[in-house]
Amino acid sequence: MSRLCISLVSGLLLCLGATAQTTSHYVPMKDGTRIAVDVHRPAELPEDGLPALLEMTRYWRGAEDPETGAPRRSLSSLDRYFQSGGYVIVKVDVRGSGASFGTRPVEYGPREVKDLFEVVAWVVEQPWCDGSIGAYGTSYTGTTAELLSASGHPAVKAVVPGWSDFETYTSPIRPYGLLASDFLGEWSRLVGAMDRNDAQVMGGHVRRVDADVDGSLRARAVEEHRRNPPVLETIRAAPFRDDRLAGSEHSYEAISPLHWKEAIERSKVPMLVLVSWMDAGTAEGAIQRFQHFSNPQHLVLMATSHGGFFNASPFRAEPGPRPTVPEQFAMQRDFFDHHLKSAHNGVSEWPKVRYYNLGEEAFKETDVWPPAGTKRRTWYFGNAGRLEREAALEEAGSDRYRVDFGVSTGGGNRWMTQMGRPIFGLEDRTDVDSRMLTYTSPPLEADLQITGTPRVTLHITSDHEDGAFLVYLEVVDLDGRSRYVTEGGLRAIHRKLSAHPVFETEHPYHSFKRADALPLEPGEPAELTFTLWPISVQVKKGQRLRVAIAGADASSFDRIPEEGDPTLEIWRAKSRPSHIDLPIVE
């Protein structure tokens, strides 16, 4: 039996026999705001305490029955697994949410980061804590885990940001400069119900702290939450990256871990980063962090849904993820054991990056990114829908496409999985391809390994001043079935290229700032260069590459333009060679 399996089985056995003590408290911040905190500790504690693992959540640290007020189980399977391994679990309602007091004009705001420092300061003073702190989470709580390292508290020894946001404007709020209205609408309704403590929607109430016997403190906290602005309305009113978010002095730039680069690096806190190729832009954020943040990091790039619970590879039929959920649990606890308990368990020998290779359906390892041997190769858009290795020799040549606003990636795509849904419907895009403009290569003469970040350059004209340009990279099987691999896009007014404000990058960068907006001149040529989300896929001999171009994704983004039916012209002439640039590992 492997060390991983032994660790998992022993942990589950401990969990079956373990009992826990749970207490709930209000911890006052320096500005007087009270933050609700639950402490879940094993029944027996050593005299010098145990390390504590924190999860700072927007989604209620615990719930209770709306009729009886009895607490409901507030520990997940992962929480209990950590606890069984000798950790105190600390759950926190972040400011302006759950049973905590205060308001939250923005998500991940700077005040929230200050709160994290003060919560840690309280935790390390408790007799049940040995002075070592870690943090973990998925999605929102994965991001707060990373932000805990930005707080600067020296007790923080390791964090696990899972499927977390890194640069919130481009993922998940306004990918490509387009509003992700379906995801944000659903998320906004969910957190709005939580902020109201709406038992009809949530099926229960947020858990009170122990001292709040009659619920009056919770009621006062919920009353303060009424000043939280509706998330979707706030985002819709701020289309540019440098716009101030309603009711706040902050723009999108201030609510991203990227904004905290210096503080995070200064902490030197080690990170285990878990993400998926198919989950919004979490893989790109993880790769950027790995390349540009100096913190010790281990990165695991999977092909799963958000949170790692479901398989998302369009090449594999089995529903289960890889690594399995128990393996993901064991990996995280081993990481914490190494950094919080000085365990010699092999973590220091882990590869820096493990990444899932679609098509091959196997993991690969590397200590550098891009992997060694990566070269960029170009495929050009050609006549009659061909994708070719050689650029066109003709001085003229283009293809016209009337935007079909019904084109969609479906309800199980990379954006809606952020609501915890599985990813589905990407294994056969043949019918959808017929509603887009496509360019397809001849059958490959040998296997082709694509690993990294594709780039596309479109030479276009449009009869409108604005539009959405969405590009999908697909693999066409021997039977003609087209499988989704990755996607990218750009709202046309954001096409101006700029230098990245935080780090140097080889990839095209768009500021998405108001001053850089460039409306199209109807009928005049324009160039759009942008990246697709990173991916790793083995395209087998005999299969074909396909690039599909659309002007809408009805399941994800607001319509651009709001009115009219644009006709696009994609140029493939010698002087305007539209093409895709792929990272090939040789």
Side-chain angles (χ1 to χ4, degrees), residues 175-182 239 379-388 392 394-411 413 415 425-426 428-441 456-474 476 480 482 484 486-495 517-530 532 544-573 575-580:
Y176 324 133
L178 306 173
L179 181 65
S181 51
D182 280 40
W379 273 258
Y380 296 89
F381 301 175
N383 187 30
R386 294 192 298 268
L387 188 64
E388 301 177 327
E394 297 82 5
E395 292 296 337
S398 64
D399 297 299
R400 295 174 67 83
Y401 173 68
R402 187 177 179 86
V403 173
D404 183 340
F405 284 99
V407 167
S408 166
T409 50
N413 62 24
W415 305 110
L426 302 181
D428 190 350
R429 296 272 292 166
T430 310
D431 289 343
V432 180
D433 284 354
S434 67
R435 302 172 65 177
M436 298 188 283
L437 181 64
T438 62
Y439 297 90
T440 308
S441 76
V456 68
T457 295
L458 302 180
H459 293 272
I460 64 102
T461 56
S462 174
D463 52 9
H464 282 64
E465 292 185 344
D466 199 4
F469 289 81
L470 300 170
V471 174
Y472 302 92
L473 178 63
E474 301 173 347
V476 182
S482 181
Y484 172 106
T486 188
E487 67 176 72
L490 188 66
R491 184 178 174 182
I493 63 169
H494 296 302
R495 66 188 183 278
L518 293 173
L520 296 170
E521 291 284 345
E524 293 296 319
E527 180 178 320
L528 284 66
T529 299
F530 52 90
L532 280 60
R544 293 174 289 162
L545 294 173
R546 175 171 290 168
V547 173
I549 301 171
D553 183 348
S555 59
S556 300
F557 307 120
D558 275 5
R559 188 190 204 274
I560 299 291
E562 294 182 7
E563 297 180 354
D565 296 300
T567 295
L568 311 177
E569 193 168 9
I570 307 297
W571 291 87
R572 47 178 171 75
S575 58
R576 296 177 187 147
S578 297
H579 59 273
I580 188 167

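Positions are given from 1, in the same order as the sequence printed here.
Listed by chain and residue number, nothing satisfies the salt bridge (Lys or Arg N to Asp or Glu O under 4.0 Å) test with D182 (two or more places apart in sequence, or in another chain). In this structure R559 satisfies the salt bridge (Lys or Arg N to Asp or Glu O under 4.0 Å) test together with D565, sequence neighbours excluded. Every side-chain contact (heavy atoms from CB on, under 4.5 Å) that L426 has, sequence neighbours left out, goes to P314, I423, Y484. Residues satisfying the salt bridge (Lys or Arg N to Asp or Glu O under 4.0 Å) test with E569, not counting sequence neighbours, are R400. For S462, the side chain to side chain donor-acceptor pair (under 3.5 Å) criterion is met by no residue, not counting sequence neighbours. Shown here are the side chain to side chain donor-acceptor pair (under 3.5 Å) partners of S434, two or more places apart in sequence or in another chain: there are none. Applying the side-chain contact (heavy atoms from CB on, under 4.5 Å) rule to D466 yields the partners R491, A492, I493, I560; only residues at least two apart in sequence or on another chain are considered. Remark: S578 pairs with F381, H459, I570 by the side-chain contact (heavy atoms from CB on, under 4.5 Å) rule, at least two apart or across chains. Not counting sequence neighbours, the partners of P239 by the side-chain contact (heavy atoms from CB on, under 4.5 Å) test are R174, D243, R514. Take N383 and apply the side chain to side chain donor-acceptor pair (under 3.5 Å) test, not counting sequence neighbours, and it matches R572. Every residue was checked against the salt bridge (Lys or Arg N to Asp or Glu O under 4.0 Å) condition with E487, not counting sequence neighbours, and none meets it. Every ring-ring contact (aromatic ring centres under 6.0 Å, His included) that H579 has, sequence neighbours left out, goes to Y380.
The two atoms that bring A550 and Y472 nearest to each other are CB-CE1, 4.2 Å, heavy atoms only. Considering every non-hydrogen atom in both I549 and Y439, the closest pair reads CD1-CE1, 4.1 Å.
Counting only heavy atoms from C-beta outward, the side chains of D433 and T440 never approach each other to under 4.5 Å. The shortest distance between side-chain heavy atoms of D463 and T567 falls below 4.5 Å. Within the 4.5 Å cutoff, side-chain heavy atoms of P566 are placed close to those of F405. At a threshold of 4.5 Å between non-hydrogen side-chain atoms, the residues D553 and N413 count as touching.
A donor-acceptor contact shorter than 3.5 Å is absent between the side chain of D558 and the backbone of L179. Distance alone, capped at 3.5 Å, places no donor-acceptor pair between the S555 side chain and the S408 backbone.
Here E562 contributes atom CD and H464 contributes atom NE2; the two are 11.5 Å apart, rounded to the nearest 0.5 Å. For the atom pair CD of E388 and OG of S441, the computed distance is 10.0 Å after rounding to the nearest 0.5 Å.
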Go through the steps for R429 and M436 under the test side-chain contact (heavy atoms from CB on, under 4.5 Å), then give the verdict.
CA-CA 11 Å; R429 296 272 292 166; M436 298 188 283; 3.8 Å; yes

Under the side-chain contact (heavy atoms from CB on, under 4.5 Å) rule, what do L458 and V471 come out as? Steps first, then yes or no, please.
CA-CA 10 Å; L458 302 180; V471 174; 4.1 Å; yes

Go through T457 and T529 one step at a time and tell me if the side chain to side chain donor-acceptor pair (under 3.5 Å) criterion holds.
CA-CA 4 Å; T457 295; T529 299; 3.2 Å; yes

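You'll find the ring centres of F469 and F530 outside the 6.0 Å limit.
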